[in-house]
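Structure first, then comments.
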Amino acid sequence: MHTTLGGKPKSEARPKFPVESLRTQFPALKHAAPFIFFDNAAGAQIPQIVFDAINRHLLECNVQRGGRYPQSIEVDATIDRGRRSVADLLGARDPSEVAFGMNATSFIRLVSLAIGQSLGARNEIIVSEMDHEANIATWMALESFGAKFHLWKMRDDGNLHSEDLWPLLSAKTRLVACTVTSNALGSIVDVPAVAKFAHDAGAELFLDCVHYGPHGLIDVQAWGCDYLACSGYKIFAPHMGFMWGKRALLEKLPTFREDFIPNEPPGKIEAGTFVYENVAGMTAAIEYLELVGKQLSSNGGSSSRRANLITAMAAIRGYEEELSIEVLEALEKSGATIYGIRPKERVGERVPTFCFNLPRVSPQVVTEEMARAGIGIRDGHMYAPRLMKRLSLSMDSGAVRASLVHYNTSEEIQRFSDVLQKLSKNG
Ligand SMILES: Cc1ncc(COP(=O)(O)O)c(C=O)c1O
């Protein structure tokens, strides 16, 4: 049985999701209107408070950290606030387990290089067929360190099943690398079950949480993972990445650092300077989500940031399920081939990211026609070559992807549906 990540509330208790008032907080939605942003899997828009936080940082403290003057002390405080905010977003116990950097890929590479140097007799790594290539190729590059690989296959229902992982695990498995949610299909993986199997075999679990990030509650404690990478730019923040790892494991990781940098997280994971204004933006994006939680609480919210985030992400999950049903209906009406989870009663196992093809219309033509109609979607391989192969799709043309987040609306889906119907009729 697949668990539903993200703490979805019972539907009878669900208040109406305030999408219109939340949309007013995203200046780009108004600026580009009536353009429709349905390419959120490649990056989401940012709320005004995120703009303000970045601007304020650049105006008031655009200096290097670690100095003894007020502006520099404020940079250190900004990073500290960022770590505590992200720790609450992830459900982490200790902010020192959070590291900031450029993007998720560079963090996956950083951890994989460290694991590669400490393989020993446990030299097997399991990667999945459904993952973004960033969480496959980075691990496969460890072949020169003596690593061996197993490919965890996706089932025909468009998801990974932990039962299929079990036979791949052995006393030689060092690590399982898998996604929380497919950036191509939107399928949510039952990661607590994956963690249990991996740990029973004595292996570690690295989770790619990039695609799941904006859609539901992340809970590194409940999920039982060992490492997790995320990209801020998918979670209503600017272009930056962050990672989390269990402190005891991070302490042991052999990472590059200058000799005088202590061998301790987070400093040992953050060689060089990262973009401090974007950390300020990430903190503000979490504040936005916290405010959503407060707005949706009958009692004005909790004094605990995590509690407000739990409320916000549960409401977002519930609203996005409604959007998913509407998109599925529009795709079915147009005769599209939908790759991934289709039954409406299983929308709890997906986020509103849809990969599809229309009969007799190339993916490129679909996205060009959508662009002419003022709708931004994407075609191609979605950086998932193994998944494309599994779906018998070519790397050249691939499929079409429409990816929604909580600021998208039924009216937008209706406009998307109108273009789809026109295309399928003329196809
Ligand atoms: C599931 C998934 N993993 C990894 C990545 C790479 O993330 P980044 O651009 O932060 O390196 C992406 C980017 O789209 C993604 O969707």
Side-chain angles (χ1 to χ4, degrees), residues 5 37-46 86 89-90 98-113 127-141 152 154 158-160 176-189 191 194 205-216 218 223 225 227-244 269-270 274-275 278-279 281-282 285 339-341 350-355 376-388 390-391 398-405:
L5 303 181
F37 290 93
F38 272 8
D39 188 23
N40 297 290
Q45 300 308 306
I46 65 177
V86 171
L89 180 74
L90 306 181
V98 173
F100 293 116
M102 187 61 84
N103 52 42
T105 307
S106 51
F107 276 126
I108 306 173
R109 176 74 172 151
L110 181 143
V111 176
S112 68
L113 276 176
V127 290
S128 101
E129 202 177 31
M130 199 174 76
D131 269 73
H132 187 286
E133 192 65 4
N135 200 29
I136 302 178
T138 31
W139 299 105
M140 292 228 157
W152 177 13
M154 185 184 82
N159 209 349
L160 297 170
V176 177
C178 91
T179 192
V180 181
T181 298
S182 161
N183 64 301
L185 308 181
S187 323
I188 302 174
V189 179
V191 287
V194 177
L205 174 62
F206 187 104
L207 290 180
D208 173 347
C209 196
V210 173
H211 192 71
Y212 178 82
H215 299 292
I218 304 171
W223 294 358
C225 52
Y227 308 97
L228 176 141
C230 241
S231 316
Y233 69 97
K234 310 285 169 95
I235 319 179
F236 320 111
H239 287 93
M240 54 87 75
F242 55 88
M243 77 158 277
W244 169 90
I269 319 282
E270 292 175 340
F274 47 90
V275 186
N278 289 353
V279 171
M282 187 69 233
Y339 308 102
I341 295 166
R350 61 149 45 255
V351 301
T353 298
F354 297 88
C355 219
I377 57 171
R378 184 166 292 267
D379 63 280
H381 51 65
M382 312 305 151
Y383 284 67
R386 287 154 230 268
L387 182 62
M388 293 296 120
R390 168 61 193 276
L391 298 171
V400 185
R401 182 182 69 187
S403 51
L404 286 65
V405 288

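None of these values were measured; they are calculated from a predicted model. Every number for a ligand or one of its atoms is a count from 1 in the order of the listing.
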Closest non-hydrogen atoms of Ser187 and Ile341, given as atom of the first, atom of the second and distance, are CB-CD1, 4.0 Å

CZ (Phe274) with more than 12 external heavy atoms under 6.0 Å: yes

How are the rings of His211 and His215 set to each other: parallel, tilted or perpendicular (split at 30° and 60°)? tilted

Residues at least two apart in sequence or cross-chain that pass ring pair (Phe, Tyr, Trp, His ring centres under 6.0 Å) with Phe107, listed by chain then number, are none

May I ask you to test the Met243-Ile269 pair for a side-chain heavy-atom distance under 4.5 Å? yes

How far apart are the C-alpha atoms of Ile188 and Val351, what are their side-chain angles, what is the distance that settles it, and do they pass the side-chain contact (heavy atoms from CB on, under 4.5 Å) test? CA-CA 7 Å; Ile188 302 174; Val351 301; 3.9 Å; yes

Present, as a list of atom pairs with distances to 0.1 Å, all nitrogen or oxygen contacts under 3.5 Å between ligand 1 and the protein.
from	atom 1	to	atom 2	distance (Å)
ligand 1	3 (N)	Asp208	OD1	3.3
ligand 1	3 (N)	Asp208	OD2	2.5
ligand 1	9 (O)	Tyr233	OH	2.5
ligand 1	10 (O)	Ala104	N	2.9
ligand 1	10 (O)	Ser231	OG	2.6
ligand 1	11 (O)	Ala104	N	3.4
ligand 1	11 (O)	Thr105	N	2.9
ligand 1	11 (O)	Thr105	OG1	2.5
ligand 1	14 (O)	Lys234	NZ	2.5

